[in-house]
Amino acid sequence: MNATETLEQQAESAHSPRFLAQLSFWAHVAFIAAYLGILSGAMFWFQFAQAELPCPLCITQRMAMMLVVIGPIYVVIQALRGTSTTRTLSVGAGISILGAVLGMAMSSRQVLLHIKPGDPGYGVPVLGMHLYTWALVTFVVVLVFCGVVLACNQWLVPQAPHSSALQMIAKIVIWLFIATILINAVVVFIESGWHWYLPDDPTEYRLLHGK
Amino acid sequence: MVLLTVRVHGAQCRVSDRQTQGVLYVDAICFLLIAVAAVAAVRSKRLQATLIFSAIAFIATTALFLHHVTDPLGLNL
């Protein structure tokens with residue numbers, strides 16, 4: 001890091017009120033935690049407890065959610081290192097926007113597959129909407145979040161709390177999220193067995209059934 | 001890997017009907033690429049590393065999705 005960058009960071013942090021800087025930090029941590037909850041809920045509750053196996057498009061939407069979260073992970077880590085700037089904030093928002101656009105394409109595709117009147121849709125609806133419709137809603141929320149962050153990035157450069165306990169909470173959320181990605185990789189492999197792709201309507205863990 | 005399979009078995013082969021022993025599953029690979037990108041965002045101090053690994057994960061996931069939608073190789077999976 002050179003002197004110019006340090007001065008730039010000092011100038012930017014001077015423009016970010018402490019309250020907004022901390023709010024921005026925790027908003028990004030909440031962003032990661034929210035998707036951690038969504039992905040864990042989908043996997044542990046719907047997939048394991050309800051035995052509702054995800055279809056190929058559901059899996060790709062999970063991937064898009066994970067790609068979206070790489071943005072806030074980057075932003076939070078930079079804040080924890082004390083190297084947060086408007087540039088790192090913009091990079092994180094950019095990654096999230098790209099992931100959200102990809103996820104919107106995927107979830108829209110699945111919504112359109114079941115849009116015909118009388119179609120029961122895939123899986124069990126939650127609060128009146130199917131999971132892929134909820135996924136579309138979350139991607140729209142991400143775009144709104146990133147729009148606000150980019151429009152107000154001058155005041156929203158995140159600042160990590162000084163307390164090491166609070167910093168640890170953010171780190172735990174991040175590492176839990178990465179663990180969730182790896183668990184998904186293992187689970188989807190068990191679901192597919194030694195096949196290239198999942199069937200359109202998976203009904204069993206093919207690896208466990210010797211397929 | 002898909003292209004290699006096409007070359008070996010012909011464009012009309014139905015890979016999903018076969019016991020493709022020793023071949024890792026495509027979606028699992030995508031998840032692993034995303035995990036690598038996330039770890040790069042956490043561990044690397046260089047922005048380029050985060051962007052490069054993220055780009056690889058994005059491209060792999062997009063290709064998988066487009067394959068599900070369009071089946072450009074005619075594998076009829």
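Labels below follow one simple rule: chain letters A, B, ... track the order of the sequence lines, proteins then strands, and each chain is numbered from 1.
- Checked against A:F31 for a ring pair (Phe, Tyr, Trp, His ring centres under 6.0 Å), the options A:F145, A:Y74, A:F25 give a single hit: A:F145.
- Residue-environment remark: CH2 (A:W45) stays at or below the threshold of 12 foreign heavy atoms within 6.0 Å.
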Kindly determine whether A:T85 and A:Q78 satisfy side chain to side chain contact (heavy atoms under 4.5 Å, CB included), including the steps that lead there.
CA-CA 8 Å; A:T85 63; A:Q78 295 302 319; over 6 Å; no

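- For A:A105, the parts lying near chain B are the backbone and the side chain together; criterion is any non-hydrogen pair under 4.5 Å.
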Given the rule in the side chain to side chain contact (heavy atoms under 4.5 Å, CB included) test, do A:L131 and A:C58 qualify, once you have shown the distances and angles that lead to the verdict?
CA-CA 8 Å; A:L131 291 181; A:C58 307; over 6 Å; no

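- With a 4.5 Å cut-off on non-hydrogen atoms, A:I95 touches chain B through its backbone and its side chain both.
- For the pairing with A:V173, the side chain to side chain contact (heavy atoms under 4.5 Å, CB included) check across A:I32, A:V76, A:I73 returns one residue only, A:I32.
- Contacts between A:I181 and chain B at a heavy-atom distance below 4.5 Å involve backbone atoms as well as side-chain atoms.
- Remark: the backbone N or O of A:Q154 is not paired with any side-chain donor or acceptor of A:T86 at under 3.5 angstrom.
- Between chain B and the options A:T60, A:L102, A:L182, heavy-atom pairs under 4.5 Å are most frequent for A:L102.
- The candidate from A:L98, A:I174, A:V69 with the greatest count of non-hydrogen atom pairs under 4.5 Å with chain B is A:L98.
- Evaluated for a side chain to side chain contact (heavy atoms under 4.5 Å, CB included) with A:T180, the options A:I178, A:N184, A:I183 yield exactly one hit, A:N184.
- Checking side-chain atoms of B:S44 against main-chain N and O of B:A41 turns up no donor-acceptor pair under 3.5 Å.
- Listed for the A:H130 side chain is a donor-acceptor partner under 3.5 Å among the backbone atoms of A:P120.
- Residue-level contacts of residues 50-60 of chain B with chain A, in order of numbering, are B:T50, B:L51, B:S54, B:A57, B:F58; threshold 4.5 Å between heavy atoms.
- Proximity to chain B is absent for every atom of A:L80, based on heavy atoms less than 4.5 angstrom apart.
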